[in-house]
Each structure stands twice: as structure tokens, then as C-alpha cells.
Asker: 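Handing you this structure, nothing more for now.
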Protein chains: 2
Amino acid sequence: MSITYKDIARKAGVSISTVSRVINQTDLHKVGKTTQKKVEKIVEKLDFTPNVIARSLVSRKTYNVAVAIKDLEDIINPYFNQVISGIAGVLERRGYFLQLVRTVSAKEKALSPYYLKAIQEKRVDGLILLSEEAKNKDVIELFAKKVPVILVNRTIPNITAPSVLIDNEGGLYDATKELIELKHKRIVFLAGSFDFQLDKQRLKGYKKALKEANISYDKSLIIEGAFNFNQSATALGGLLKKKVKFSAIVASDDVMALACINLLNERGYKVPEDISVIGFNDMLLLPLASSLSSMKLPLVELGRKAATMLLSIINNDPIKEMEVIFKPELIKRNSIGINKKK
Amino acid sequence: MSITYKDIARKAGVSISTVSRVINQTDLHKVGKTTQKKVEKIVEKLDFTPNVIARSLVSRKTYNVAVAIKDLEDIINPYFNQVISGIAGVLERRGYFLQLVRTVSAKEKALSPYYLKAIQEKRVDGLILLSEEAKNKDVIELFAKKVPVILVNRTIPNITAPSVLIDNEGGLYDATKELIELKHKRIVFLAGSFDFQLDKQRLKGYKKALKEANISYDKSLIIEGAFNFNQSATALGGLLKKKVKFSAIVASDDVMALACINLLNERGYKVPEDISVIGFNDMLLLPLASSLSSMKLPLVELGRKAATMLLSIINNDPIKEMEVIFKPELIKRNSIGINKKK
DNA sequence: TTGATTATGGAAAACGTTTAACCTAAAAGG
DNA sequence: CCTTTTAGGTTAAACGTTTTCCATAATCAA
């Protein structure tokens with residue numbers, strides 16, 4: 001059916017090994033110039049591409065990398081989008097392919113989640129884990145099996161793993177501190193979900209900033225918005241309904257911050273005159289929020305870094321640092337101002 | 001290094017063929033009940049998963065499907081997101097993996113674009129083409145080579161290919177007609193780009209509606225916004241600057257429509273009092289535009305359909321229809337109203 | 001009892017590569 | 001002139017499966 005080395009070899013009147021050497025440019029000293037040209041011409045003419053499957057079988061390399069997100073709806077999230085975009089760029093430049101896998105199984109009680117399946121079946125050379133859903137136990141097992149894995153914005157207790165991290169604690173500390181400096185005392189932290197490390201770490205930073213300013217921690221100011229617009233609006237709506245007092249909000253994501261601004265406007269509050277708002281990620285993709293202050297993160301760059309590290313590990317290149325930490329940087333725009341109340 | 005059939009066979013004291021038969025549940029009449037149990041127990045205990053590469057080599061199936069988008073930034077676009085989400089769901093349920101590939105090559109003059117490379121190297125069993133970038137010539141060649149390919153929202157001249165299409169002409173016809181019924185006469189069509197079939201088709205529908213109403217076609221009302229927020233705002237801004245008169249806008253995408261509403265508000269126009277706006281896709285992901293009227297498309301469903309068709313072709317199942325067409329449906333919300341001017 | 005059938009299983013080729021080991025003729029070295 | 005080296009190859013094993021074909025023992029019908 002399709003062309004193989006055998007065909008090329010026959011047409012060129014040489015052996016299969018010679019064809020392999022010409023195609024891979026290896027051991028070329030074992031091939032005469034004229035033979036080489038002859039083979040190259042035929043490869044060219046037939047537009048031949050070696051079968052990567054057969055190649056993988058012997059080389060044990062697939063040139064395939066899995067990128068794991070929790071659920072496929074997650075690719076809708078601009079955060080993952082940008083990271084994946086960065087990953088993909090590096091992979092392509094280095095000749096690798098990108099396989100998108102999920103960490104949750106399909107409802108029908110699949111045996112193992114897809115991201116594990118991809119590795120068990122040896123479909124991929126490595127894995128970039130963008131999701132926190134993957135169980136610690138499973139991830140530890142992967143490390144034990146020497147599977148190249150990069151963790152993104154997630155750690156495993158007591159283990160130093162190759163990872164690209166975000167200084168979540170520092171980020172929320174900086175954001176909170178800025179608001180405190182603007183005389184805010186009752187600051188809402190709209191987290192995504194405390195099921196995630198990321199928000200636990202951020203809460204730490206929030207508390208730290210409060211403590212330093214001798215502001216007491218009020219649990220009722222902490223709410224969860226599931227990283228999406230609607231649930232964030234609902235959460236904030238709940239707070240308003242309960243008449244909880246506050247003059248500022250830090251959100252764990254720009255979309256969530258946007259939901260706040262939107263709801264506040266609807267309810268007659270002005271941002272930043274009445275309420276200050278700071279987002280996270282600085283995604284800039286919603287020009288509607290062109291005045292949103294945010295903790296900026298170079299997400300595309302972060303993806304690039306993760307991919308580069310993974311490829312280093314896959315190719316046994318020396319790796320400079322096991323953990324790379326990106327520090328969010330506060331971008332001040334028009335959504336924050338001095339607290340004038342009281 | 002890793003476990004193979006050989007190991008299982010040795011431990012079970014049976015042949016490799018027997019192991020294969022048990023694992024694949026094929027030719028089970030050739031395996032005794034007790035032998036089967038014995039093998040199964042060992043497979044279970046060792047947590048063995050067959051090497052999919054070796055398997056692919058002989059079966060000529062990779063259980064891998066490529067989904068091609070133009071550029072990786074495209075996954076940021078909610079349109080692709082939803083379609084891919086639909087595709088991924090079906091693939092996973094049927095045991096297939098999803099490979100994300102681009103139709104444009106990396107800048108460094110790569111030989112062939114990645115989506116072609118994936119096929120040439122036999123990495124994938126089929127391809128879903130979400131991008132119009134892929135050249136007709138290349139796509140035709142794929143069909144000639146009997147590669148399973150599904151086209152999404154794109155056709156190839158003179159060829160009936162398996163495809164999932166959108167009734168673009170009908171969609172814009174309906175939108176325009178609605179506005180005409182609301183007494184609008186000068187209607188802006190904010191297209192993405194006329195490099196694309198999709199917008200050419202939509203323009204056709206737009207013109208058709210005008211013609212039926214005896215409204216003359218004014219080319220200056222046709223602008224392009226590159227399917228993104230900023231360029232759409234710029235395009236509309238240009239129109240305003242030139243003082244072109246209009247009372248309604250149909251945009252080729254919700255984000256673009258949003259850009260219009262945003263700019264109009266900034267410039268002091270009210271929607272829908274002064275200007276009516278209709279979007280396309282009805283993505284609903286920007287609750288900020290909760291009142292945006294839009295031509296709704298079941299994008300996730302569309303992705304599902306594409307994946308289902310592809311798998312049918314891959315597995316030589318009879319395929320019901322070569323072309324499935326999704327008709328956009330006008331969802332009326334608060335962004336349109338009767339034209340009161342003149 | 002004999003021949004046919006059935007149940008159970010193994011051996012080996014094949015898939016398309018890579019690569020280690022081997023071969024030969026010519027060139028070089030002494 | 002003989003030996004060694006080098007250039008330019010070839011052969012064949014290996015990678016981990018699937019699958020066709022063959023083998024044997026037990027069972028069955030007559």
C-alpha cells in the first residue's frame with residue numbers, strides 16, 4: 001500500500017540500511033556520495049516520509065507530548081489557552097506533537113484517566129500536567145517510573161519535582177497589600193476553589209498581608225467563584241445580599257474580577273469609587289475590562305518554560321533548575337482607588 | 001525495561017499468542033477457561049498495558065485523530081473551543097486520542113505544515129480540519145490518498161467531501177432580514193475576513209436579503225474585523241470617523257459584536273435605541289453581553305458530529321450523509337429594536 | 001476400532017524501522 | 001609483496017505486537 005524503505009532500497013539498488021542512513025543522515029561515512037544522491041533523489045521524487053510508528057518501536061521515542069487539563073472545557077479558559085499556546089510553540093519548533101488529554105475520566109467509569117492511559121500505552125514521551133485534578137498518588141507513581149513529567153502551578157508534598165510554579169502567595173500578598181495601602185480594610189478574596197493548592201496558597205498571602213497591617217481576618221469575606229463568570233457573580237451576590245461590608249475585592253482570575261465589576265455596576269456601585277477590584281493573570285483578552293488592575297503573569301512564557309524543561313528531561317539534557325517560579329506583577333489600572341469611606 | 005507479552009507469557013507458562021488472545025478477547029475459543037484466568041490474573045497483577053506503538057505497527061491503526069486549527073492562538077477563540085470540546089468528548093468515549101496540529105508552518109519555513117506531517121508520518125488515523133488555511137490542493141491530495149478527513153465549515157470547489165457545514169448564507173440572510181423588518185435600511189456587515197469562504201457566503205446572504213427588500217447594496221457598509229475584538233473596534237471606528245450613516249450592525253462573531261457595542265457605548269450611542277446589533281455563534285460566554293442577539297449555532301454538537309463522522313469513515317462504517325449542515329437560529333435579545341430614525 | 005471433529009494451544013511470519021555486526025575490494029603502509 | 005586500514009556497503013536481529021497456519025490430545029460417531 002504505502003511506500004517503505006524497502007521500495008526505496010529496491011529502486012535505488014541498495015540495501016535498506018543504506019536508505020536508513022541517508023534518510024537519517026547517520027553514519028554517512030558508510031555511504032558513498034553518489035549512492036547518497038541517488039537515494040535522496042528517489043526519496044524526493046516519491047515524496048517519501050518514514051513511518052513514525054515503526055521508527056518509534058525501535059527508537060522508543062514518539063516525539064509526542066501529552067498536555068493534561070482537567071476537563072476539555074478547560075481549554076475554554078484563557079489561562080490554559082495561553083499556557084498551551086506557549087507549550088505548543090516550543091514543541092513544534094522542536095519537532096514534537098501535542099496530545100491533549102484529560103485528567104478526569106469519562107463518566108462511564110473508564111479504567112484509568114486518559115492522561116495515564118497515554119503514558120501507559122507509551123503514546124507519549126512525556127507529560128505536562130496543567131491540572132490539579134491528577135491525584136498525588138498517581139503523579140508520584142509516574143515519577144517513580146521515571147516518566148518525564150512537568151508540573152505546572154502545582155506541587156506534590158515532600159517531593160521536589162520538575163515544575164513551573166506561580167508565586168501564588170506572593171501574588172495575593174502584593175495585591176492585598178496594595179489595597180491596604182489604599183486604606184482598604186475590608187477586602188474580599190474571591191477565590192476559585194479551595195480544593196486547589198493555588199487558592200490555599202493565595203489565601204496565605206492574603207492573610208499575611210492583613211496580619212502585617214494588623215487587620216483582623218474575617219472569614220466571611222472569603223468566597224469561591226469556581227473560576228468562572230457566573231458562579232463568581234453568584235458568590236458576590238450572596239455577599240451583597242447578606243449586607244457584608246467591604247470596599248475592595250481581589251479575585252483569583254480576571255474573568256472572575258470582571259464578573260464582580262459587572263455585578264457591582266448592575267447594583268449601582270461604582271468601580272473604583274465605591275469598590276476597588278484587582279484580578280489575576282492579566283489576560284487582557286477582554287478589552288471590556290481595559291481598566292482592570294491585575295496580577296500579571298507571563299502565561300505564554302510559562303508554557304514555553306514548561307515545554308522546554310520537559311524536552312530537556314526527555315533528552316537527558318542537564319536541567320538548570322528543578323523549579324522555576326514566576327512572580328505575578330501588579331499592573332495598576334483604573335479599577336483601584338483610595339478607600340474614602342470612614 | 002518495561003513489561004511485554006513475552007514476560008506475561010513466560011510467567012503464565014503459555015505462548016505469546018495466547019496472551020494476545022486473552023488481552024484482546026479475540027479467538028477466545030482457542031483458549032481454555034483456566035488458561036484465560038491465569039493470564040488475566042497476571043496481567044492484572046503487573047498492571048500491564050500493551051504497547052500501543054507495536055500494536056499500531058501491525059494493525060495500522062493509531063487510535064489517534066488530528067484536529068487542525070490555523071494557529072495555536074486559535075484555541076483562544078471560543079468558537080474553536082466549543083467545537084474541539086465536542087470533538088474531544090466523542091473521541092474519548094470511543095477510545096481515541098486527540099492531537100492538536102496547526103495548518104500554518106512554524107515561521108522557520110518548515111517543510112510541510114504540521115497537520116500534513118502528522119498524516120504523512122502515519123501518526124493519526126484521520127483529520128478534522130477546522131481551519132480554512134489548509135490549501136485546497138493539499139486537501140484534495142489527502143482525499144485522493146483516501147485519508148479520512150472531515151471538513152468543518154469549509155468546502156472544496158467541485159468536490160463533495162465529508163463535511164460539517166454551517167449555513168452561513170442563510171444565517172446572514174435571516175439576521176439581515178430581521179433587521180430589515182425592524183425598518184433598518186443601512187445595515188453594516190462586520191465580517192471577519194473575506195479571505196474566508198464563510199464570510200463570502202455570509203455576504204451573499206446579506207445581499208440577498210437586501211435585494212429582496214429592494215435596498216441597494218452599499219459597499220461602504222461592509223467592513224472586516226479579523227474575528228477579534230480590537231480589530232473590530234478599529235474597523236467600526238473607521239466607519240464612524242468617516243461619518244458613514246447606519247442604524248444596525250450584523251457581525252460575524254459575538255466577540256466582534258461585543259466590540260461594536262462597547263465602542264458605540266463609548267461614543268455615546270445606545271444599543272438598541274440608536275443602533276441595533278446582531279452577533280454570530282451565540283457563544284454566551286461573555287455574560288457581559290447577556291442581551292446580545294445572535295445567530296445561535298450548536299457548536300459543541302457540531303464538533304460531536306464531525307468526530308462521529310470521522311470515526312465512521314475510519315472504521316468503514318456506512319456514513320449516512322456526506323454533508324451535514326447546521327442552520328443558525330436567530331436568538332432575539334435586547335440588542336435589536338425598531339429603527340426610529342427617518 | 002477408526003476416522004473425523006473439537007478444544008486448546010504453539011510457532012513463526014509480518015508490520016517498517018534502526019543498528020550492531022559482518023563483509024569485500026581497494027588503498028595505504030611497511 | 002604482503003598486511004592493515006578504510007571506504008562502502010550488506011545481513012540480520014531487534015523493537016512488541018497481531019494473526020495465520022499448524023499440532024496435539026481428547027472426544028465423538030459409526
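Per chain, numbering begins at 1; letters A, B, ... match sequence-line order.
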Asker: Considering only D/dT10, C/dT18, C/dG16, which nucleotide approaches the side chain of A/Ala54 most closely?
Answerer: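 Within the option list, the nearest is C/dG16.
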Asker: Expressed in angstrom and rounded to an integer, what is the separation of B/Lys61 atom NZ from D/dT19 atom P?
Answerer: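 It is 11 Å, rounded to the nearest whole Å.
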Asker: D/dG9 P sits how many Å from A/His29 NE2, rounded?
Answerer: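 Rounding to the nearest Å, NE2 of A/His29 and P of D/dG9 are 12 Å apart.
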Asker: What is the separation between atom NZ on B/Lys38 and atom C1' on C/dT8, rounded to the nearest whole Å?
Answerer: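 So the two atoms are 12 Å apart, to the nearest Å.
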Asker: Regarding B/Glu323 and B/Thr160, is there a side-chain donor-to-acceptor distance under 3.5 Å anywhere?
Answerer: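 Side-chain D/A pair, B/Glu323 to B/Thr160: absent.
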Asker: Identify which nucleotide among C/dG16, D/dG9, D/dC21 has an atom closest to any side-chain atom of B/Leu57, counting heavy atoms from C-beta outward.
Answerer: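 Nearest to the side-chain atoms of B/Leu57, counting from C-beta on, is C/dG16.
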Asker: Please state whether the phosphate of D/dC15, meaning OP1 or OP2, lies under 4.0 angstrom from any side-chain nitrogen or oxygen of B/Asn51.
Answerer: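 For D/dC15, neither OP1 nor OP2 has a side-chain N or O of B/Asn51 closer than 4.0 Å.
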Asker: Any side-chain donor paired with an acceptor under 3.5 Å for B/Ser20 and B/Ser17?
Answerer: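 Judged by distance alone, the side chains do not pair up.
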Asker: Ignoring the backbone of A/Arg55, work out which of C/dT18, D/dG9, D/dT17 is nearest its side chain.
Answerer: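 Among C/dT18, D/dG9, D/dT17, the one nearest the side chain of A/Arg55 is C/dT18.
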Asker: For the pair made of NZ in B/Lys6 and P in D/dT18, what is the distance, rounded to whole Å?
Answerer: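 Result: 16 Å.
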Asker: Nearest nucleotide by nearest heavy atom, which residue falls closer to the 5' end of DNA chain C, A/Arg21 or B/Val14?
Answerer: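 Result of the comparison: B/Val14.
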Asker: So does A/Thr155 get a backbone contact from the side chain of A/Gln197, meaning a donor-acceptor N/O pair under 3.5 Å?
Answerer: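 Here the side-chain-to-backbone pair exists.
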Asker: When the distance from OH of B/Tyr63 to P of D/dT18 is rounded to whole Å, what number comes out?
Answerer: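 In whole Å, D/dT18 P and B/Tyr63 OH are 11 Å from each other.
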Asker: Salt bridge or not between A/Lys41 and A/Glu44? Use side-chain N to carboxylate O under 4.0 Å.
Answerer: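 No.
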Asker: Taking atom types as they are modelled, is there a donor-acceptor pair under 3.5 Å from the base of D/dT19 to the side chain of B/Ser20?
Answerer: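 A donor-acceptor contact between them is absent.
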Asker: Measure from NZ on B/Lys122 to C1' on C/dT17 and round the result to the nearest Å.
Answerer: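 In whole Å, C/dT17 C1' and B/Lys122 NZ are 13 Å from each other.
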Asker: Let's see if you can work this out: which of D/dT18, C/dG10, C/dG16 has an atom nearest to the side-chain heavy atoms of B/Thr18?
Answerer: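 Out of D/dT18, C/dG10, C/dG16, the nucleotide with an atom closest to B/Thr18's side chain is C/dG10.
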Asker: In whole Å, I'd like the distance from the CG atom of B/Asp27 to the P atom of D/dT20.
Answerer: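 Roughly 8 Å, once rounded to whole Å.
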Asker: Could you state the CD1-P distance from B/Ile16 to C/dA13, rounded to the nearest angstrom?
Answerer: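 To the nearest whole Å, that distance equals 14 Å.
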Asker: Nearest to the B/Thr4 side chain among D/dG16, D/dG8, C/dG16, which nucleotide is it?
Answerer: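 Ranking D/dG16, D/dG8, C/dG16 by closest atom to the B/Thr4 side chain puts D/dG16 first.
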Asker: Looking at A/Arg154 and A/Ala134, would you say the former's side chain and the latter's main chain have a donor-acceptor pair under 3.5 Å?
Answerer: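 Pair found, side chain donor or acceptor close to backbone of A/Ala134.
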Asker: Side chain of B/Arg60, heavy atoms from C-beta onward: which of D/dG8, C/dT18, C/dC15 has the nearest atom to it?
Answerer: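 So the side chain of B/Arg60 is nearest to C/dC15.
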Asker: Side chain of B/Ser17 only, please: which of D/dT17, C/dA20, C/dA12 is the nearest?
Answerer: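 The answer is C/dA12, which lies nearest to the side chain.
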Asker: What is the nucleic acid contact for A/Thr35, judged by heavy atoms within less than 4.0 Å: base, sugar-phosphate only, or nothing?
Answerer: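 The residue A/Thr35 makes sugar-phosphate contact but no base contact.
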